[in-house]
Amino acid sequence: MTSTPQLERTRPARAARRILPSPVTGQEWVLVAILIVLWLVLSFTTPAFATAGSWQPLLASVAPVALMGVGMTMIIITGGIDVSVGGAMMVTGVTTAKLLVDQGVSLMVALLCAMALGAVLGLVNGLLIAYGHVHAIIITFGTANIFQFIGRQIFGSQTVNGIPGTLDFFGRGESGRTVGIPHSFLLTLLVAAAAWVYLRHARGGRHLYAIGGDSLSARLAGIRVQRYTVLVYALTGLLVGVAAVFTVASGTSTLDQSIGSGRELAVIAAVVIGGTSITGGRGSVLGTVLGALLVQTVASGVTQLGWPSQLSDFFVGVAIAIAVGADLVRQRARERR
């Protein structure tokens, strides 16, 4: 017969298991199935897709989208959004490239500078949103244009040429891979795993869900909503800085002003397709990584099949519409219960 002290110790654990959602949601299993089918189809229609020369660049292209998606997931879980990540990537990317060319800095210095600058840009967004009491999409739309202007001024209407191989550790060459897997993708998986554990098991992670569910109730419950808001935007900016380093490293010795262009759409698409509710309160970084894999696989498949590149945007748009529609249906079903 189980003693009373033992029962008291097991009750919190059982309660936690009841409160926590399943480690892998139904939508994430659906994404896994879609990816497997898509990879099989592409492998049969374009045999080159199954080769290392195809999937290694694919994983390298997934890394910056998924990495920024980790931060975006936390933002959208709190009920916000950040459409300035493309502009922030331009600023951090060109600054990193300039440091490499003009100052000859090392990998670690370049990475730390990009992270610090990205965090500052994200902090600006977070402070304006948390204390300005203006909707996030308005603030970040404004800062997106400001960041793009700053980035173009740093470029000086020119490309950055002669970028050295300092960032080869995150590049697409042999020095940028371990067991054939790009270091940028491996680092992204580590960050995503840490974020998954934080959101699922840490008190702060549960507070983010509470803020997205009802910010007023969260504030009345003693959760410091403004502090968490600033935190998630600053963290996202930091991840944007790392993603910019990945992007510079995976390119050529020349960087042009297209860096960051359209990235915000790819990141938001990955997050929404991955199952994060656009209205806040629900989401998972595992789904975001799978969503990023799907978005980049579609882009790669369209290219290898020789189809017009616009079809990639069309297919991703359809996937977003389906994901948002399914989320709204689920939300209405919950409200009727």
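Nothing here was measured: the structure is a model prediction, and the numbers come from that model. Atoms considered below: every heavy atom in the structure, side chains included; atoms not considered: hydrogens, waters and symmetry mates. Here, residue 1 is the first one in the sequence, and each next residue gets the next number.
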Output side-chain donor-acceptor pairs under 3.5 Å for residues 221-236, partner residues at least two apart or in another chain, one line each.
| from | atom 1 | to | atom 2 | distance (Å) |
| --- | --- | --- | --- | --- |
| Q226 | NE2 | A130 | O | 3.1 |
| Y228 | OH | H207 | ND1 | 3.0 |
| T229 | OG1 | V225 | O | 2.8 |
| Y233 | OH | I81 | N | 3.3 |
| Y233 | OH | I81 | O | 3.2 |
| T236 | OG1 | G71 | O | 3.1 |
| T236 | OG1 | V232 | O | 2.7 |

Practice item. Kindly write out the residues that satisfy side chain to side chain contact (heavy atoms under 4.5 Å, CB included) with T45, not counting sequence neighbours, or none if the list is empty. Key: V41, L42, L305
Review point. Would you say the side chain of W196 lies within less than 4.5 Å of the side chain of V70, judging by non-hydrogen atoms?
Key: no
Exercise for review: Sort and list the pairs that fulfil side chain to side chain donor-acceptor pair (under 3.5 Å) and have at least one residue in residues 79-105, not counting sequence neighbours.
Suggested key: D82-S84, S84-N125
Exercise for review: Test side chain to side chain contact (heavy atoms under 4.5 Å, CB included) on I154 and V160 and set out the steps.
Suggested key: CA-CA 10 Å; I154 299 174; V160 181; over 6 Å; no
Check your understanding: Same cluster or not: are L127 and I137 linked, directly or through other Ile, Leu, Val, Met, Phe, Trp or Tyr residues, by side-chain heavy atoms under 4.5 angstrom apart?
Key -> no
Exercise for review: Name all residues meeting the side chain to side chain contact (heavy atoms under 4.5 Å, CB included) criterion together with L190; count only those two or more places apart in sequence or in a different chain, and write none if there are none.
Suggested key: none
Check your understanding: About how many Å separate CG of L117 and CG of L238, when rounded to the nearest 0.5 Å?
Key -> 10.5 Å
Check your understanding: Are V191 and V285 side-chain neighbours, meaning at least one heavy-atom pair lies under 4.5 Å?
Key -> no
Study note, to complete from the structure: Contacts of F170 meeting ring-ring contact (aromatic ring centres under 6.0 Å, His included) (sequence neighbours excluded), chain-then-number -> F246
Exercise for review: Report the distance from atom CD1 of I138 to atom CZ of F141, rounding to the nearest 0.5 Å.
Suggested key: 8.5 Å
Check your understanding: Is T51 reaching over with its side chain to a backbone N or O of P47, donor-acceptor style, under 3.5 angstrom?
Key -> no
Exercise for review: Could you state whether I273 and L38 fall into the same hydrophobic cluster, counting links through intermediate Ile, Leu, Val, Met, Phe, Trp or Tyr residues with side-chain heavy atoms under 4.5 angstrom apart?
Suggested key: yes
Review point. Does any N or O in the side chain of T140 come within less than 3.5 Å of the main-chain N or O of V83, such that one atom is a donor and the other an acceptor?
Key: yes
Point to revise | Minimum heavy-atom distance M68-A243, with the two atoms named | key: CG-CB, 3.7 Å
Check your understanding: At their closest point, which heavy atom of G274 faces which heavy atom of E28, and how far apart are they?
Key -> O-CG, 4.4 Å
**Study point:** With sequence neighbours excluded, residues passing side chain to side chain contact (heavy atoms under 4.5 Å, CB included) with V197
**Key:** H201
Review point. Between T279 and S277, is any side-chain donor less than 3.5 angstrom from a side-chain acceptor?
Key: yes
Point to revise | Test log, rule side chain to side chain contact (heavy atoms under 4.5 Å, CB included), inputs V105 and L100 | key: CA-CA 5 Å; V105 300; L100 292 170; 3.9 Å; yes
Point to revise | Closest approach of M72 to V85 (non-hydrogen atoms, all atoms of both residues) | key: CE-CG1, 4.0 Å
**Study point:** Single-linkage hydrophobic cluster V120~V94, side-chain heavy atoms < 4.5 angstrom
**Key:** no
Check your understanding: Is V267 reachable from L265 through a run of I, L, V, M, F, W or Y residues, each pair having side-chain heavy atoms under 4.5 Å apart?
Key -> no
Check your understanding: For the hydrophobic clusters of this structure (ILVMFWY residues joined by side-chain heavy atoms under 4.5 Å, transitively), does one cluster hold both L123 and F147?
Key -> no
**Study point:** By salt bridge (Lys or Arg N to Asp or Glu O under 4.0 Å) - contacts of R263 (at least two apart)
**Key:** none
**Study point:** V109 vs L99 side-chain heavy atoms within contact, under 4.5 Å
**Key:** no
Practice item. Just jot down the side chain to side chain contact (heavy atoms under 4.5 Å, CB included) partners of D256, sequence neighbours excluded, or say none. Key: T159, S258
Exercise for review: Heavy atoms only: give me the nearest P57-S54 pair and the separation to one decimal.
Suggested key: CD-O, 3.3 Å
Practice item. Please round to the nearest 0.5 Å and tell me the distance separating atom OH of Y198 and atom CZ of R203. Key: 10.5 Å
Review point. Looking only at atom types and distance, does a side-chain atom of R206 sit under 3.5 Å from a main-chain N or O of L199, one as donor and one as acceptor?
Key: yes
Practice item. Give the minimum heavy-atom separation between V316 and A269, together with the two atoms involved. Key: CG1-CB, 3.8 Å
Practice item. Look up atom CD1 in I76 and atom CD1 in I268, then write down how far apart they are to the nearest 0.5 Å. Key: 6.0 Å
Check your understanding: Under 3.5 Å, is there a donor-acceptor pair between the side chain of S43 and the main chain of W39?
Key -> yes
Check your understanding: Can you list every side chain to side chain donor-acceptor pair (under 3.5 Å) pair that touches residues 185-194, not counting sequence neighbours?
Key -> none
**Study point:** All pairs passing ring pair (Phe, Tyr, Trp, His ring centres under 6.0 Å) where residues 309-332 contributes a residue, at least two apart
**Key:** none
Exercise for review: Mind listing the closest non-hydrogen atom pair of G162 and V101 along with its distance?
Suggested key: O-CG2, 3.8 Å
Review point. Once you round to the nearest 0.5 Å, how far does OG1 of T143 lie from CG of L121?
Key: 8.5 Å
Point to revise | Gap between atom OG of S261 and atom CD of Q148 - 0.5 Å precision | key: 8.0 Å
Point to revise | F169: partners by ring-ring contact (aromatic ring centres under 6.0 Å, His included), with sequence neighbours left out | key: H183
Using a 3.5 Å cut-off and no angle test, enumerate the donor-acceptor pairs between side-chain atoms of residues 288-296 and protein atoms at least two apart in sequence or in another chain.
| from | atom 1 | to | atom 2 | distance (Å) |
| --- | --- | --- | --- | --- |
| T288 | OG1 | T73 | OG1 | 2.6 |
| T288 | OG1 | S284 | O | 3.4 |
| Q296 | NE2 | S61 | OG | 3.4 |

Practice item. Keeping the roles fixed (side chain from Y131, backbone from G126), state whether a donor-acceptor pair exists under 3.5 Å. Key: no
